[in-house]
Amino acid sequence: MRELTVELGERSYPIYIGQGVLNDITALFDRAKLSRKSPLLVVTDSEVAPLHLERVMALLREGGFAATFCVVPAGETSKSLAQLEGIVTTALQAGLDRSSAIVALGGGVVGDLAGFAAASFMRGIRFVQIPTTILAHDSSVGGKVAVNHPMAKNIIGAFHQPELVLFDIDLLLTLPPRQVKAGLSEVIKHGLIWDAAFTQWCDDNAERLLSLDPEALSYALYIGCKVKAIVVSQDERENDLRAILNLGHTIGHALEAVAGYGELLHGEAISIGMVGAAKLAQEFGYSEEIHEVTKGLFLKYGLPVSIPPHLDTDSIMSAMMHDKKFKEGTMVYIIPMEIGKVEIRKDVTVEQVRQIVELLKGESVADVL
Ligand SMILES: NC(=O)c1ccc[n+]([C@@H]2O[C@H](COP(=O)([O-])OP(=O)(O)OC[C@H]3O[C@@H](n4cnc5c(N)ncnc54)[C@H](O)[C@@H]3O)[C@@H](O)[C@H]2O)c1
Ligand SMILES: O=C(O)C(=O)C[C@@H](O)[C@H](O)[C@H](O)COP(=O)(O)O
Ligand SMILES: [Zn+2]
């Protein structure tokens with residue numbers, strides 16, 4: 001088992017990563033001082049529940065915790081105010097109090113939804129992340145929790161840090177291939193923004209990761225969580241540095257909203273967005289090689305690199321206007337300077353991004369770029 005710590009000044013929390021981590025759940029919950037006198041609520045989704053819920057509930061009850069659970073429908077559309085209300089109803093019926101904790105057993109959807117429930121129930125109770133997707137190495141760390149609005153992604157939310165993250169690699173072994181690829185998109189992102197050597201490792205180990213080799217997965221998720229933990233420790237509330245974790249998301253979130261939540265998976269949408277950012281980098285004098293390496297990497301992982309042509313450009317641009325990185329009317333955009341290093345630019349114009357969107361749709365704007 002590998003351990004990382006997210007340092008947030010007055011407080012910190014551990015991330016445990018490895019095969020069989022769940023076996024230590026009682027000791028790790030005790031280390032986090034979670035109460036046995038107040039009920040816990042485990043939130044999961046309809047695809048994870050039949051696979052992993054029974055074992056988690058048994059381990060918690062064997063450890064003397066009074067745990068109950070609720071199950072939301074699998075998929076992005078559960079990141080909604082309606083499902084939030086359902087979790088709060090279950091929490092009230094189960095008698096949760098301010099010493100209780102919510103346990104998110106699932107991917108990023110469950111983590112964001114349950115985390116926002118924990119952030120808002122009784123104005124905030126503690127919560128634990130037990131990620132079950134590769135993508136959730138990103139979503140379980142850093143405290144961004146939210147639900148979607150039909151017009152915009154993650155637009156109703158909070159910063160609410162977990163007490164601990166238990167990342168048991170064995171839970172990932174039931175993931176379907178499309179979800180494996182989508183999750184690896186954020187792994188690749190962490191290399192592109194921070195670590196060129198890790199990016200090269202991802203290029204060299206694609207087959208091992210795509211085949212869920214536990215050792216390769218453990219290493220990749222450890223590095224991914226480490227990059228996230230370093231960035232969040234330096235800028236918890238995205239005043240500046242943390243924006244780099246949003247590489248590819250300006251276009252990516254707009255694509256998710258326009259395509260319909262769940263049609264285009266988050267990892268697929270940001271893959272396209274990161275290829276777009278790499279192409280846009282040439283506008284600012286950076287090497288064409290960045291785009292070639294970025295596009296080649298996502299293609300090697302079977303991830304999309306172009307926008308589905310049926311998605312309307314005006315609708316994409318309209319959705320993009322809700323991007324939370326917009327400040328004082330200025331678009332904030334993450335641009336790669338080289339593999340492993342990005343910059344936060346405030347001089348990217350909406351028109352430049354529109355041209356990239358059209359390029360990503362395969363429409364010819366060759367004379368522009
Ligand atoms: N808060 C953050 O910092 C952050 C970071 C990245 C992504 N996100 C959010 O995370 C969401 C995407 O997360 P995701 O890709 O994990 O999606 P997800 O939670 O919907 O999980 C993907 C699918 O796989 C199923 N599943 C989950 N674990 C499984 C397992 N072990 N075996 C088999 N099936 C399993 C789920 O039921 C679901 O159908 C998006 O909403 C995105 O905005 C948030
Ligand atoms: O943690 C962050 O900061 C990120 O940007 C991580 C992203 O991968 C993640 O998708 C996040 O939810 C996007 O943040 P948002 O503020 O654009 O909703
Ligand atoms: Zn993301």
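Counting starts at 1 for both ligands and their atoms, following the listed order.
For atom 9 (C) of ligand 1, the nearest non-hydrogen atom from the set Asn246, Asp45, Asp112 belongs to Asp112. Proximity annotation for atom 32 (N) of ligand 1: of Ile134, Val141, Thr174, Thr174 comes nearest, heavy atoms only. When the options Leu265, Leu173, Leu171 are ranked by their closest heavy atom to atom 31 (N) of ligand 1, first place goes to Leu171.
Taking the six-membered ring for Trp and the full ring otherwise, His190 and His137 have centroids separated by under 6.0 Å. Between Tyr16 and Phe167, the distance separating the two ring centers is not shorter than 6.0 angstrom. Ring pair His266/His249: centre-to-centre distance below 6.0 Å. Residues His160 and Phe127 bring their aromatic ring centres within 6.0 Å.
Taking every heavy atom of Asp138 and a limit of under 4.0 angstrom, the matching atoms of ligand 1 come to 3 (O), 5 (C), 6 (C). Per-residue contacts place Arg242 under 4.0 angstrom from the following atoms of ligand 2 (heavy atoms of the residue considered): 1 (O), 2 (C), 3 (O). Heavy-atom contacts of Lys228 reach the following atoms of ligand 2: 1 (O), 2 (C), 6 (C) (cutoff under 4.0 Å). Interface of Asn154 with ligand 1, defined as ligand atoms under 4.0 Å from a residue heavy atom, comprises 43 (O). Atoms of ligand 1 found under 4.0 Å from any heavy atom of Ala74, numbered from 1 in the order shown, are 37 (O), 39 (O). Heavy-atom contacts of Lys324 reach the following atoms of ligand 2: 15 (P), 16 (O), 17 (O), 18 (O) (cutoff under 4.0 Å). Every atom of ligand 2 is numbered from 1 in the order shown, and the set under 4.0 Å from a heavy atom of Asn154 is 12 (O), 18 (O). Atoms of ligand 2 lying under 4.0 Å from at least one heavy atom of His266, given by number and element, are 10 (O). Proximity to His253 (heavy-atom distance under 4.0 Å) selects the following atoms of ligand 2: 13 (C), 15 (P), 17 (O), 18 (O). For ligand 2, the atoms lying closer than 4.0 Å to a non-hydrogen atom of Asp138 are 6 (C), 7 (C), 8 (O). Atom numbering of ligand 2 starts at 1 in the shown order; those under 4.0 Å from a heavy atom of Lys189 are 6 (C), 7 (C), 8 (O).
The shortest N/O to N/O separation between Glu186 and ligand 1 does not fall below 3.5 Å. At a 3.5 angstrom cut-off on N or O pairs, Thr132 counts as close to ligand 1. The shortest N or O to N or O distance between Gly108 and ligand 1 is under 3.5 Å. An N or O contact shorter than 3.5 Å is missing between Asp112 and ligand 2 by distance. For ligand 1, none of its N or O atoms has an N or O atom of Arg242 under 3.5 Å away. For Glu256, no nitrogen or oxygen atom sits less than 3.5 Å from a nitrogen or oxygen atom of ligand 1, counting backbone and side chain alike.
Within the 4.5 Å cutoff, the side chain of Val332 has heavy atoms near those of the Ile344 side chain.
Counting non-hydrogen atoms of neighbouring residues, nucleotides and ligands closer than 6.0 angstrom, the CD atom of Glu289 reaches no more than 12 such neighbours. Counting heavy-atom neighbours within 6.0 Å of Glu338 CD, excluding the residue itself, gives a total above 12. With a 6.0 Å radius and a threshold of 12 heavy atoms from other residues, nucleotides or ligands, Glu292 has its CD atom above the threshold. The number of heavy-atom neighbours closer than 6.0 Å to CD of Glu351, taken from other residues, nucleotides and ligands shown, is above 12. Heavy-atom contacts from other residues, nucleotides or ligands closer than 6.0 Å to OH of Tyr301 number more than 12. Residue Lys324 qualifies as enclosed at atom NZ: its count of foreign heavy atoms under 6.0 Å is above 12. Taking a 6.0 Å sphere around CE of Met151, one finds it holds 12 or fewer heavy atoms contributed by other residues, nucleotides or ligands. Counting heavy atoms of neighbouring residues, nucleotides and ligands inside a 6.0 Å radius, atom CZ of Arg123 does not exceed 12 of them.
Although no hydrogens or angles enter the test, the distance criterion places no donor-acceptor pair under 3.5 Å between the side chain of Tyr261 and the main chain of Asn148. Looking at Asp168, its side chain does come within 3.5 Å of a backbone N or O of Gly20 through a donor-acceptor pair. Judged by distance alone, the side chain of Asp112 and the main-chain N or O of Val145 form no donor-acceptor pair under 3.5 Å. In this structure, Thr90 contributes its side chain and Gly86 its backbone to a donor-acceptor pair below 3.5 Å. Between the side chain of Ser46 and the main chain of Ala74, a donor-acceptor pair closer than 3.5 Å is present.
Contact annotation: for Glu186 versus ligand 2, heavy atoms closer than 4.0 Å belong to the side chain alone. The proximity of Lys325 to ligand 2, defined as any non-hydrogen pair under 4.0 Å, does not occur for either the backbone or the side chain. Residue contacts with ligand 1 for Asn148 are absent, since no atom lies close enough (heavy atoms, distance under 4.0 Å). Heavy atoms from both the backbone and the side chain of Lys144 come within less than 4.0 Å of ligand 1. Both the backbone and the side chain of Leu245 come within contact range of ligand 2, each with a heavy atom under 4.0 Å.
When only non-hydrogen protein atoms are considered, atom 13 (C) of ligand 2 lies nearest to Asn246 ND2, 3.5 Å. For atom 34 (N) of ligand 1, the nearest protein heavy atom (residue, atom name, distance) is Pro176 CD, 3.9 Å. Looking from atom 16 (O) of ligand 2 to the surrounding protein, the closest heavy atom is Lys144 NZ, 2.8 Å. Among all non-hydrogen protein atoms, the one lying nearest atom 38 (C) of ligand 1 is Glu47 OE1, 3.8 Å. The closest protein non-hydrogen atom to atom 20 (O) of ligand 1 is Val109 CG2, 3.2 Å. Lys228 NZ, 3.1 Å is the protein heavy atom nearest to atom 3 (O) of ligand 1. Nearest protein heavy-atom neighbour of atom 2 (C) of ligand 1: Ser139 CA, 3.5 Å. At the shortest separation from atom 43 (O) of ligand 1 among protein heavy atoms lies Lys153 NZ, 2.6 Å. With hydrogens left out, the protein atom closest to atom 26 (N) of ligand 1 is Val48 CG2, 3.8 Å, a heavy atom. Among protein heavy atoms, the minimum distance from atom 40 (C) of ligand 1 is reached at Glu76 OE1, 3.3 Å.
By the 4.0 Å heavy-atom criterion, His249 is counted among the residues contacting ligand 2. Distances from ligand 1 to the non-hydrogen atoms of Glu268 include no value under 4.0 Å. Ligand 1 lies less than 4.0 angstrom from a heavy atom belonging to His52.
Checking Thr174 against His52 by side-chain atom types alone, a donor-acceptor pair falls below 3.5 Å. Side chains of Lys325 and Asn246: a donor-acceptor N/O pair is present below 3.5 angstrom, by distance only. A side-chain N or O of Glu343 and one of Tyr286 form a donor-acceptor pair less than 3.5 Å apart.
Between the Zn ion (ligand 3) and Glu186 there is an N/O/S contact shorter than 2.8 Å.
Within His266, NE2 is the N, O or S atom that lies nearest to the Zn ion (ligand 3).
For the pair Arg345 and Tyr333, the cation-pi criterion (under 6.0 Å, within 45° of the ring axis) is not fulfilled.
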